[in-house]
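Note that ligands are numbered from 1 as they come in the structure, with each ligand's atoms numbered from 1 the same way. Just so it is clear, the model here is predicted, and its values are computed rather than measured.
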Amino acid sequence: MSAPNKSYDPVEVEALKPEEIERMRDEALAAFAAAGGLDALHEAKIAHTGPASPLALANREIGALPPHAKAEAGKRVGQARGAVNRSLAARQAELEAERDARVLVEEAVDVTLPYDRTPSGARHPLTTLSERIEDVFTAMGYEVAEGPEAETEWLNFDALNIAADHPARGEHDTFFVRGARRPGGEAAGSGVVLRTHTSPVQVRSMLDREPPLYVICPGRVYRTDDLDATHTPVFHQVELLAVDEGLTMADLKGTLDHMVRALFGGEGMQTRLRPNFFPFTEPSAEMDMVCYVCRGESVGNPDRPCRTCSSEGWIELGGCGMVNPKVLTACGVDPGKYSGFAFGFGIERMLMFRHNVEDMRDMVEGDVRFTRPFGMEI
Ligand code: DAH
């Protein structure tokens with residue numbers, strides 16, 4: 001700041017002339033008005049109100065004036081700076097309001113809009129359950145085997161000791177695949193059926209590999225049933241086959257007991273075998289498991305009725321037995337050296353009693369409301 005000079009008159013000092021001060025003020029007001037956004041306004045603020053702004057520099061000059069001239073110059077500069085600051089504040093408020101209004105529009109969330117994320121589905125519980133069963137057996141060293149759903153009659157029936165006129169063949173209510181139609185004639189039999197059970201995979205496994213053989217085969221099977229609460233023409237079975245030296249029915253029983261404990265957990269789970277007949281096993285049995293809900297405690301106990309097993313204490317699971325030596329022979333396995341056990345049961349049925357599914361149609365209709373509660377367990 002320059003020292004006071006007695007002869008100075010603010011009107012004579014270039015920066016303090018009234019028209020200069022007015023010009024500085026007007027320039028500032030114009031710059032604020034021209035600022036289109038808060039950033040531009042900030043720049044204009046520094047340029048016109050900051051320490052290096054024309055008005056701030058003019059203000060400094062006042063100190064150099066003689067006392068009689070200071071008041072007037074001070075008033076003039078002060079008024080100009082006041083006008084500039086008011087204009088700045090007004091523009092600042094204006095631009096902030098504009099920004100707030102814009103943000104409200106740009107960042108608005110319309111909660112009534114339909115959402116565009118694809119709802120996640122769920123795995124079908126039959127898939128999950130069949131993989132669980134596989135896991136129980138692969139953990140014991142079994143391999144998962146597969147076979148085609150369109151199967152030869154020989155593998156589906158004959159090799160399993162179900163002869164053409166065998167009553168069991170009628171019970172299977174088979175879908176036959178039609179062969180080529182001769183001109184003007186009936187379609188010839190193709191020798192192919194939609195497999196009625198997973199047992200032909202036993203035969204395929206024995207034909208494919210040498211014993212010892214431990215395989216589990218889950219898969220889709222077909223019978224000419226109408227769809228109702230307890231039947232479906234397409235359903236799933238799991239087949240198990242073990243062929244080795246010295247296998248007995250005790251091995252079969254131990255394997256079944258382990259399976260129901262692994263799948264249904266807890267104390268008291270076991271199976272029982274009831275004599276039955278299957279052409280491909282000898283001896284054959286029907287296998288039941290302890291009711292996993294009441295664990296047998298509802299039997300003879302009217303105070304504790306059980307809906308799952310109708311208070312019988314047991315739930316029927318499927319069929320099993322020691323592989324018939326005729327089947328071993330048909331598959332090229334020496335029954336003098338090897339013996340085998342096998343079982344098969346329906347996965348839909350197990351899903352029904354394991355999860356209280358009352359209607360089989362729910363499993364085939366593909367409604368995600370049925371599958372979703374089972375979740376994504378993999
Ligand atoms: N294949 C039979 C069925 O579909 C079930 C069965 C019974 C499978 C006894 C077996 C078995 O492996 O040993 O009714």
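- Residues that satisfy the salt bridge (Lys or Arg N to Asp or Glu O under 4.0 Å) test with Asp359, not counting sequence neighbours, are Arg361.
- Between Phe353 and Tyr292, the ring planes lie tilted relative to each other; the angle falls in the 30° to 60° range.
- For Asp158, the salt bridge (Lys or Arg N to Asp or Glu O under 4.0 Å) criterion is met by Arg169, not counting sequence neighbours.
- Residue pairs meeting the ring pair (Phe, Tyr, Trp, His ring centres under 6.0 Å) criterion with at least one partner in residues 33-66, sequence neighbours excluded, do not occur; the list is empty.
- The number of heavy-atom neighbours closer than 6.0 Å to CD of Glu210, taken from other residues, nucleotides and ligands shown, is 12 or below.
- Geometrically, Arg195 does not engage Tyr222 in a cation-pi contact defined by less than 6.0 Å to the ring centre and at most 45° from the axis.
- For ligand 1, residues of the protein lying within 4.0 angstrom by heavy-atom distance are His197, Ser199, Gln202, Arg223, Gln237, Glu239, Phe278, Phe280, Thr281, Gly319, Cys320, Gly321, Ala342, Phe343, Gly344.
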